[in-house]
Every structure is written in structure tokens, then in C-alpha cells.
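Here, residue 1 is the first one in the sequence, and each next residue gets the next number.
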Amino acid sequence: MKFLYAIAVASMAVACNSAIIDSPQRYGTISVSLGSPDVGVVTKADPVTLTPESEGASDYTVRIFNGADEKMHEVTYDNFTEPKVLPFDTYYVTVENCNESDAEDGLGVMRLYGRTEDDIILDASCLSASPVINCTVANAKVSVVFDESVKGKFSSLTVTLTRAEDQENNLPSRIVEISQPASFPENSAESVTEAWFNASSVLTYTIEGKFEAGGVNNEISLSNEEDKPIVLGARNHVKLVVRASYGEIVSDVQKIDFDTEIADPTVIPGGFNPYE
């Protein structure tokens, strides 16, 4: 009996060793190239590919996730100088210049975001991958324009942009107040202030002020709360123009959808670049 027990234990040890040899952990590498983050009108026929050595590379954060959405690596693009070694698995890569929360800090900033079009599968047939990721504008811009017709006629003229909390789209409530400046820019017939909102934001606006011209002193208030609110998507640009007409405030909302896919790279659609 002791002899049989010894053989059984020895056989088990051989089986374990065999399993370790037959199923080793295998690895592949992922490196990333960042396509041109140009979000305005394309003026060059040839696309630009940024490298970690390019100016502005530190503005972008690269993240690698596995198929279970677990973050496997995070680094600023300027420090992504060596391919990342990872176990065989399925991955995707994201690149952004800021997250959604930072994009709405204060008046907000343009948020650029990109993700690999297809998943990256590291296996015996694909030991390395070098995807090129193109970033596009992920949020929307609202330009509040005070027309020269309001100059010197109103005091405390303010536009309030309001977004109610939207749990479905993970958007907190937000209020942005933009006041008419004390003086307009030199040689300009209008004053423009830009605010950025994340995609899926639903906005209402209120314009309030006091008309003080020609001996008249009236409180002015205008809102779109009873009308359709402004629904923003990625790459939208809304211009809210505030004008004065016979002592009243008039608002003019222009919504421009900008397509980054331009057939003729030398032509500006409609003569207007929404990111200028």
C-alpha cells in the first residue's frame, strides 16, 4: 500500500508540472500613436500623427482597459515612450485631454476624446499592436453674444444658462452666469463669451437686466423655459445672441452641427468654423 501511495503522489507531481509547462502566461505589447487632434477645419490633405515627443503631448492621457473594463495602464502621452507589455487578452485604448468633470470647470474647456475603433486582441497571432487613435470634440460650445445694440443701454445684463440634474446621463446640475462686459472689445461690434457643456446637456436660459436709456428704467426678463430647451450633442455649437429692440431684449439662438468629415479639406462649410 505504501508503494502505491508513493506512485500516486509522484504522478500528481508530474501532472502539476506538466500543466505549468503547457499553460505559461504569455504576453504581447501595445503602443499608441495619436492622430491629429485638429478640431477645426482641416487645411492639410495629409493627416498629422503626433508622437510622445510632439509639442502638447503632455496634454493627453492614455488609458488601456481589458475586456472586463479594468484599467490596466494609465500614462500621459509624453511618457508613453515604450510599448506596454500586457498578458494575452482583449483590450481597448482611450485618449483624452481632460475628463468630463474638468471639461465643465468654470466656463469649461473643449474636451477631446478618442477610442480605438476595434478591440485589440493580443494572442499568438498578434504579439504587438500599434493603433492610431483620432480624438474628436466630445462636448458642445455655447457662445453668448452681446450685440452692440445693448451697449450703454442696460445695467446688470446677465445671461444664465441652467442645466437640471440628469442622472440617466450622469450629468449634475449646473448654472453658468455670463454678464455683459463693462466695455466691448476694441474695434468689435459684439462681445462673445464661450461656455462648454458635456454632451446630452439640456439647457434653459434666462436673460435679465435693467434698461436705463432715454429716461426709461425698466426691469427686463426673457426666458426659454416655456419653449423647447436647447439639447446639446457632441460637436454642437450654439450661439445665443442678445440684442436690444425698442427697449426690449430679443434673443436669437443659432445651432450649428459641425461634421469633422470634410470632403474638400480646402473649403469651409458655410464660411463658418464653429471652433473659432
[atom1]-[atom2] distance between [X] and [Y], expressed to the nearest 0.5 angstrom:
| X | Y | atom1 | atom2 | answer |
| --- | --- | --- | --- | --- |
| Arg235 | Lys141 | CZ | NZ | 14.5 Å |
| Leu222 | Tyr205 | CG | OH | 5.5 Å |
| Asn198 | Asn169 | CG | CG | 10.5 Å |
| Leu127 | Leu122 | CG | CG | 8.0 Å |
| Cys98 | Arg111 | SG | CZ | 6.5 Å |
| Tyr77 | Ser58 | OH | OG | 12.5 Å |

List, by chain and number, the other hydrophobic cluster members for Val109, where Ile, Leu, Val, Met, Phe, Trp and Tyr join if side-chain heavy atoms come within less than 4.5 Å, directly or indirectly.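 None; Val109 is a cluster of one.
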Connected-component partners of Val85 among ILVMFWY, side-chain separation under 4.5 Å: Tyr27
For Ser156, enumerate each residue passing the side chain to side chain contact (heavy atoms under 4.5 Å, CB included) test, keeping only those at least two apart in sequence or located in another chain. none
Using side chain to side chain contact (heavy atoms under 4.5 Å, CB included) as the criterion, list what pairs up with Pro172, not counting sequence neighbours. Arg163
Evaluate the side chain to side chain contact (heavy atoms under 4.5 Å, CB included) criterion for residues Ile133 and Thr116: first the C-alpha distance (whole Å), next the side-chain angles of each, then the deciding distance (0.1 Å), finally the verdict. CA-CA 6 Å; Ile133 302 174; Thr116 45; 3.9 Å; yes
Report yes or no: do Thr158 and Ser179 form a side-chain donor-acceptor pair below 3.5 Å?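 The criterion, which ignores hydrogens and geometry beyond distance, is satisfied for Ser179 and Thr158.
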Give a yes-or-no answer on whether the side chains of Ser149 and Asp147 include a donor-acceptor pair shorter than 3.5 Å. yes
According to a hydrophobic-cluster definition based on side-chain heavy atoms being under 4.5 Å apart (Ile, Leu, Val, Met, Phe, Trp, Tyr only), do [X] and [Y] belong together?
| X | Y | value |
| --- | --- | --- |
| Phe197 | Leu171 | no |
| Leu203 | Val144 | yes |
| Val176 | Leu157 | yes |
| Ile30 | Ile121 | no |
| Val93 | Tyr60 | yes |

Using distance only, find each side-chain donor-acceptor pair of residues 63-76 under 3.5 Å and give its atom names and separation, not counting sequence neighbours.
from: Arg63; atom 1: NE; to: Glu74; atom 2: OE1; distance (Å): 3.3
from: Arg63; atom 1: NH1; to: Glu96; atom 2: OE2; distance (Å): 2.8
from: Asn66; atom 1: OD1; to: Ala68; atom 2: N; distance (Å): 3.0
from: Asn66; atom 1: OD1; to: Asp69; atom 2: N; distance (Å): 3.2
from: Asn66; atom 1: OD1; to: Glu70; atom 2: N; distance (Å): 2.9
from: Asn66; atom 1: ND2; to: Glu70; atom 2: OE1; distance (Å): 2.7
from: Asp69; atom 1: OD1; to: Tyr92; atom 2: OH; distance (Å): 2.9
from: Lys71; atom 1: NZ; to: Glu74; atom 2: OE1; distance (Å): 2.5
from: Thr76; atom 1: OG1; to: Asp78; atom 2: OD1; distance (Å): 2.7
from: Thr76; atom 1: OG1; to: Asn79; atom 2: ND2; distance (Å): 3.0

Would you indicate whether the side-chain heavy atoms of Tyr91 and Leu86 approach each other to under 4.5 Å? yes
Do you know which two heavy atoms are closest between Pro181 and Phe146, and how far apart they sit?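 So the two residues come closest at CD-CD1, 4.2 Å.
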For the backbone of Thr204 and the side chain of Asn224, can you confirm whether one donor and one acceptor N or O come within less than 3.5 Å of each other? no
Set of residues satisfying side-chain hydrogen bond (donor to acceptor under 3.5 Å, both in side chains) with respect to Ser191, sequence neighbours excluded: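 Testing Ser191 for side-chain hydrogen bond (donor to acceptor under 3.5 Å, both in side chains), a comparison that skips the adjacent residues, returns none.
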